[in-house]
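All values reported here derive from a predicted model rather than from experimental measurement. Scope of the values below: all heavy atoms of this structure, side chains included, with no hydrogens, waters or symmetry mates.
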Amino acid sequence: MKDCDSNLINKKTLMLESVFTGEFKTKIITTHGIYLSKMTVKQLLGNACILFASTLEGRMQAIKKLMNYVVKTPILIDPNEIGAFPTMSYQHVECVWIFNHQFEIEETGKGVSLVIFSNGMSAQVNVSKNVLLKQQQRLHTLIDTYRIIHRDLDQK
């Protein structure tokens with residue numbers, strides 16, 4: 001694992017999870033390795049949203065209104081490329097954010113699943129396979145809806 005305080009939220013990000021290891025607050029799993037950050041998950045997501053001219057709260061409010069996803073709201077950080085969904089309320093310390101990459105799920109116990117990404121990286125999360133599949137579907141529906149709306153706007 002590499003010590004990293006920079007904003008590594010990009011299209012290679014697979015997952016973010018809170019850690020409590022000394023001064024580090026977030027584990028960032030990417031297609032090219034695992035990094036630790038002194039920033040919280042919310043700070044990292046917020047900084048990533050700012051790079052695309054919004055705030056985390058602004059993205060969430062827009063998606064809640066557009067999609068009527070009131071709880072466990074997925075977000076589009078870069079609406080054309082980067083999206084993520086929370087495994088539970090983003091206010092909860094055990095919330096993990098999973099990004100729009102292909103993955104498989106193995107349920108390893110009651111309410112515990114192993115997320116296995118296509119590059120072989122994996123992580124255990126404290127939610128059921130059904131919750132992960134539902135959240136993944138919500139994110140993909142959001143991405144498709146956004147593309148359709150903007151395609152139609154571009155054709156006018």
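- Counting only heavy atoms from C-beta outward, the side chains of K27 and M15 never approach each other to under 4.5 Å.
- With hydrophobic clusters built from ILVMFWY side chains whose heavy atoms lie under 4.5 angstrom apart, Y35 shares a cluster with L51.
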Do any side-chain atoms of residues 70-81 form donor-acceptor pairs under 3.5 angstrom with protein atoms, and if so which ones, sequence neighbours left out?
| from | atom 1 | to | atom 2 | distance (Å) |
| --- | --- | --- | --- | --- |
| T73 | OG1 | Y69 | O | 2.8 |
| D78 | OD1 | N80 | N | 3.1 |

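- Side chains of T141 and M67 form a contact here, defined as non-hydrogen atoms less than 4.5 Å apart.
- Rounding to the nearest 0.5 Å gives a distance of 8.5 Å between CD of Q137 and CG of D144.
- In this structure, T87 and Q135 have side chains that are not in contact, with every pair of non-hydrogen atoms separated by 4.5 Å or more.
- Taking CD from Q136 and NZ from K129, the interatomic distance works out to 11.0 Å, rounded to the nearest 0.5 Å.
- Taking CG of L133 as the start and CZ of R138 as the end, the distance is 13.5 Å to the nearest 0.5 Å.
- F52 is connected to Y146 through a chain of hydrophobic side-chain contacts under 4.5 Å among Ile, Leu, Val, Met, Phe, Trp and Tyr, so both are in one cluster.
- F20 has its side chain within reach of V93: a pair of non-hydrogen atoms, C-beta onward, lies under 4.5 Å apart.
- Looking at T21, its side chain never comes within 3.5 Å of a backbone N or O of F24 through a donor-acceptor pair.
- Note on F85: it clusters hydrophobically with I143, by side-chain heavy-atom contacts below 4.5 Å among ILVMFWY residues.
- By the 6.0 Å contact criterion, NZ on K134 is open, its count of non-hydrogen atoms from other residues, nucleotides or ligands being 12 or less.
- When side chains are defined from C-beta on, S37 counts as touching L44, because their heavy atoms get closer than 4.5 Å.
- Checked by atom type and distance alone, the side chain of T13 pairs as donor or acceptor with a backbone atom of L8 at under 3.5 Å.
- A distance of 10.5 Å separates OG1 in T145 from NE2 in H150, rounded to the nearest 0.5 Å.
- In Q102, the CD atom is not crowded: 12 or fewer heavy atoms of neighbouring residues, nucleotides or ligands sit closer than 6.0 Å.
- Taking both residues in full, the closest heavy atoms of M88 and V127 are given as CE-CG1, 3.8 Å, listed atom of the first, atom of the second, then distance.
- Side chain of S113 to main chain of I105: no donor-acceptor pair is present (N/O by atom type, distance under 3.5 Å, no hydrogens or angles).
- By the 6.0 Å contact criterion, CD on E104 is open, its count of non-hydrogen atoms from other residues, nucleotides or ligands being 12 or less.
- Applying the side chain to side chain contact (heavy atoms under 4.5 Å, CB included) test to I50 and every residue at least two apart in sequence or in another chain returns T55.
- The side-chain heavy atoms of N119 and L14, taken from C-beta on, include a pair separated by under 4.5 Å.
- Taken together through direct or relayed side-chain contacts under 4.5 Å among Ile, Leu, Val, Met, Phe, Trp and Tyr, I34 and I98 form part of one hydrophobic cluster.
- Residues M121 and T30 approach most closely at CE-O, 3.4 Å, considering heavy atoms.
- Nearest heavy atoms, L16 versus I9: CD2-CD1, 3.5 Å.
- Residues Q43 and T26 are not in side-chain contact: their nearest non-hydrogen atoms beyond the backbone lie 4.5 Å or more apart.
- The ring-ring contact (aromatic ring centres under 6.0 Å, His included) contacts involving residues 86-139 comprise F103-F117, where partners must be two or more places apart or lie in separate chains.
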Kindly indicate, with the supporting measurements, whether the criterion side chain to side chain contact (heavy atoms under 4.5 Å, CB included) is fulfilled by L66 and I149. CA-CA 11 Å; L66 176 67; I149 289 169; 3.5 Å; yes
